[in-house]
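Presented below is the structure to which this report refers.
Positions are given from 1, in the same order as the sequence printed here. Counting convention: from 1, in listed order, for ligands and their atoms alike. All values reported here derive from a predicted model rather than from experimental measurement. Below, each value reflects all heavy atoms present in this structure, side chains not excepted, and no hydrogens, waters or symmetry copies.
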Amino acid sequence: MVLDSLGNALRNALRKIGGASHVDEALIKDVVRDIQRALLQADVNVQLALTLSKAVERRALGDKPPAGMSPREHVIHVIYEELVKILGKPRDLPIKPERILMVGLYGQGKTTTIGKLANYIHKRGLTVGMVAADVHRPAAYDQLKQLGEQLGLPVFGLPGEKRAGFVVRKGLEHFADTQIVIVDSAGRHALDDDLIAEIKALAKLVNPDETILVLDASTGQQAGPEAKAFHEAAGVTAVIVTKLDGTAKGGGALSAVAETGAPIVFLGTGEHLEDLEKFEPPRFISRLLGMGDLESILEKAQEAIDEKEAEELTKQMLSGKLDLHVFEKQLGMLGKMGSLDKLMGAFPGMAGRVKDEDLATTQVRLKKFKVILTSMTDEEKTDPKLIKSSRVVRIARGSGTHPREVKELLKHFNMSRKAVKGLAGNRKMRKQLMKQLGAAGMDMKD
Ligand SMILES: Nc1nc2c(ncn2[C@@H]2O[C@H](COP(=O)(O)OP(=O)(O)OP(=O)(O)O)[C@@H](O)[C@H]2O)c(=O)[nH]1
Ligand SMILES: [Mg+2]
């Protein structure tokens, strides 16, 4: 596994929390120091490591643990969340027709990664062509050509031609009917003005949909400034960090995303063409921290969020405010049966009314309702009375349903609204319901 030593250090820090008799300020400070040290040793950007430790300390000491989570679990969850935050928001490289320009310093793994990426995309059913526009290194064309032969994918190049721009222009013509074209560019030793000028010119010519910066994981703290320079020259849209298999560190490259705002989309984890991993920050951090310990904590965190949402919706309903926005949110919650059961059980006369065999039909219907709601305007959801027959027809057409089904949704909504209105208007009933919701573990106080 990649970044073994960082993972070990982080897991040791978490173990301290698990082994302590109770969680107090001294323990948290101690663990935060351990994490800080682990991150710095892995070359994570100093500023980021400091920001993270401060945030962990503040939240671990200040926030109340969500319902159902012990203080211990809460601290671990905070650490997890802050680590994920360092790596930025996840982003998928869209698999659609486009031009991709690969940039990076000398020897970072650009050409190899193009082979890996071409393989990945081709497996997903698109046609791919590669253009060998590294005209500086004599063997560059042969290297890409060989990768192409291995994959059975076409490579365009003009061996001996010294003008990168010319090769690119011819290459784009050659691949006019190919869905994805990936352009290889030359590396340099350092970020000198020549390289920057060439990258700028190339970017203009290729007019790429994606400009991918390839960063060697062993780059260390230098990764930040490097990424920034490329970003300013060519507008980097995504980063691929390579050779994570070969370094104990790697934190420098991983935290360099913060400099460009361009997210990491893949990791290179070996020399072979299959050694390309999709990068997902939550999954990556889970693996570093040891998924076994984390899984149940993450589940609890999700439950706490769901419960809060359900509570919020119930409150809105009881205040008599039920429009199609609230209705839509309710439908969203229905997928999560855990909270629904609780809610149903709390309603007078509702417990046990939804039988298993009804559930399947109900769910099909609810799914349809959800689709129909996506075809309504905000205005219509706020004021459902606006939805007269011509609008019903439009909504049905937009959602690929029958007008009868749209009317059915409106009827269902009106019934719910009447029922809720009755409840909200009846003080005694309302009081009783509050009490029952309270008994079901829902905090109904404002
Ligand atoms: N272990 C490991 N080696 C890699 C990985 N990616 C690339 N390499 C190796 O790194 C070396 C350089 O890779 P290239 O793809 O030629 O790098 P480049 O950026 O195109 O280099 P220039 O074109 O010379 O600038 C090769 O020996 C690759 O096999 C990786 O993820 N893991
Ligand atoms: Mg190369």
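At least one N or O atom of Thr111, backbone or side chain, sits closer than 3.5 Å to an N or O atom of ligand 1. For ligand 1, the polar-atom distance check finds an N/O of Lys110 within less than 3.5 Å of one of the ligand's N/O atoms. Among the atoms of Thr112, some N or O lies under 3.5 angstrom from an N or O of ligand 1.
Other residues, nucleotides and ligands place more than 12 heavy atoms under 6.0 Å from the NE2 atom of His174.
Interface of Gly268 with ligand 1, defined as ligand atoms under 4.0 Å from a residue heavy atom, comprises 31 (O). Of all atoms in ligand 1, numbered sequentially from 1 with element shown, those under 4.0 Å from a heavy atom of Asp134 are 23 (O). When each atom of ligand 1 is checked for a heavy atom of Gly187 under 4.0 Å away, the hits are 25 (O). In the vicinity of Tyr106, heavy-atom distances shorter than 4.0 Å reach the ligand 1 atoms 24 (O), 25 (O).
Nearest protein heavy-atom contact of atom 17 (O) of ligand 1 is Gly109 N, 2.9 Å. Looking at atom 3 (N) of ligand 1, its nearest protein heavy atom turns out to be Glu271 CG, 3.4 Å. Ranking protein heavy atoms by distance to atom 24 (O) of ligand 1, first place goes to Arg137 NE, 3.0 Å. For atom 16 (O) of ligand 1, the closest heavy atom belonging to the protein is Gln143 NE2, 3.0 Å. With respect to atom 30 (C) of ligand 1, the closest heavy atom belonging to the protein is Gly270 O, 3.1 Å.
Between atom 1 (N) of ligand 1 and the options Thr242, Ile240, Asp245, Asp216, the minimum heavy-atom separation is to Asp245. Proximity annotation for atom 11 (C) of ligand 1: of Lys243, Glu277, Arg188, Lys243 comes nearest, heavy atoms only. Of the candidates Ala186, Gly107, Gly104, it is Gly107 that places a heavy atom closest to atom 12 (C) of ligand 1.
No donor-acceptor distance shorter than 3.5 angstrom exists from the side chain of Ser53 to the backbone of Gln36, with no hydrogens or angles considered. Without hydrogens or angle criteria, Arg37 side chain to Ala9 main chain gives no donor-acceptor distance under 3.5 Å.
A salt bridge is absent between Asp142 and Lys145: the closest approach of a Lys/Arg side-chain nitrogen to an acidic carboxylate oxygen does not fall below 4.0 angstrom. Between Lys85 and Glu82, at least one side-chain nitrogen of the basic residue sits less than 4.0 Å from a carboxylate oxygen of the acidic one, meeting the salt-bridge criterion. We find that Lys368 and Glu408 are not joined by a salt bridge, their nearest charged nitrogen and carboxylate oxygen being 4.0 Å or further apart. The residues Lys170 and Glu161 are annotated as not salt-bridged, no charged nitrogen and carboxylate oxygen being separated by less than 4.0 angstrom.
Closest approach of Leu105 and Lys110 over heavy atoms only: O-NZ, 2.8 Å.
Ring pair Phe156/Phe175 is perpendicular by interplanar angle, where above 60° counts as perpendicular and below 30° as parallel.
Interatomic distance, CG of Leu93 versus OH of Tyr120, reported as 8.0 Å (0.5 Å rounding). Distance check: Glu277 CD to Phe266 CZ gives 10.5 Å after rounding to the nearest 0.5 Å.
For the side chain to side chain contact (heavy atoms under 4.5 Å, CB included) with Ile100, the qualifying choice from Val181, Leu117, Val183 is Leu117, the only one to do so.
Note on Thr111: counted as a metal contact of the Mg ion (ligand 2), an N/O/S atom lying under 2.8 Å.
Residue-level proximity to ligand 1 for Lys116 is carried by the side chain, the only part with a heavy atom below 4.0 angstrom. Residue Asp184 does not touch ligand 1, judged by heavy-atom distances below 4.0 Å.
Residue contacts with ligand 1 include Thr269, since one or more of its heavy atoms lies under 4.0 Å from the ligand.
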